[in-house]
Amino acid sequence: MYLYNLLNTIFNVLEFAILIEVVLSWVYANRSNQYTEILHKITNPLLQPGRKIQEKYFGNTMIDFSPIIALVILMVLRRIVSIIL
């Protein structure tokens, strides 16, 4: 039960980090500090597969769908982990 709670907390933190990244991209664009750099280091590995998928299928769209794709992937992984545990 402890492992399940730990993994659930990790998934929650990752989802929250992606949402913060999205909001910061709207209001805090092109600025950086140590906290945003840490956030980028956490979220970039999660957003990169979504960016590759978007680049391959959607081309040059102005809207970045990679956070949505990353959240869907995290939801699927969370479901798989919960079934295994």
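One hydrophobic cluster holds both I10 and V81 under the rule that ILVMFWY side chains link at heavy-atom gaps under 4.5 Å. Clustering ILVMFWY residues whenever any of their side-chain heavy atoms sit less than 4.5 angstrom apart, transitively, puts V22 in a cluster other than the one holding V13. The hydrophobic clustering, which links ILVMFWY residues whose side-chain heavy atoms are closer than 4.5 Å, places I84 and M75 apart. Both I73 and L47 are assigned to one and the same hydrophobic cluster, defined by single-linkage of ILVMFWY side chains at heavy-atom distances under 4.5 Å. Hydrophobic clustering of Ile, Leu, Val, Met, Phe, Trp and Tyr side chains at less than 4.5 Å, counting indirect connections, unites L85 with F11.
To the nearest 0.5 Å, atom CD1 of residue I18 and atom CD1 of residue I68 are 11.0 Å apart. Considering CG of L39 and CG of L24, their distance stands at 6.5 Å, rounded to 0.5 Å. Here the CG atom belonging to N5 is positioned 10.5 Å from the CG atom belonging to N12, to the nearest 0.5 angstrom. Within the model, atoms CG of L77 and CG of L14 stand 10.0 Å from one another, a figure rounded to the nearest 0.5 Å. Summarising the geometry, atom CZ belonging to F16 is positioned 4.0 Å from atom CD1 belonging to I20; distances are rounded to the nearest 0.5 Å. Residue I83 holds its CD1 atom at 13.0 Å from CZ of R78, rounded to the nearest 0.5 Å.
A heavy-atom distance below 4.5 Å is not found between the side chains of K52 and P49. Two residues are said to be in side-chain contact when any heavy atoms from C-beta on lie closer than 4.5 Å; D64 and R51 meet this criterion.
Atom CD of Q48 has more than 12 neighbouring heavy atoms from other residues, nucleotides or ligands inside a 6.0 Å radius.
Every residue two or more places apart in sequence or in another chain that forms a ring-ring contact (aromatic ring centres under 6.0 Å, His included) with F58 is listed here: F65. Here Y4 pairs with nothing under the ring-ring contact (aromatic ring centres under 6.0 Å, His included) rule; sequence neighbours left out.
In this structure, a donor-acceptor pair under 3.5 Å is absent between the side chains of Q54 and S66.
Of the options N44, T43, T36, a side-chain hydrogen bond (donor to acceptor under 3.5 Å, both in side chains) to E21 is made by T43 and by none of the others.
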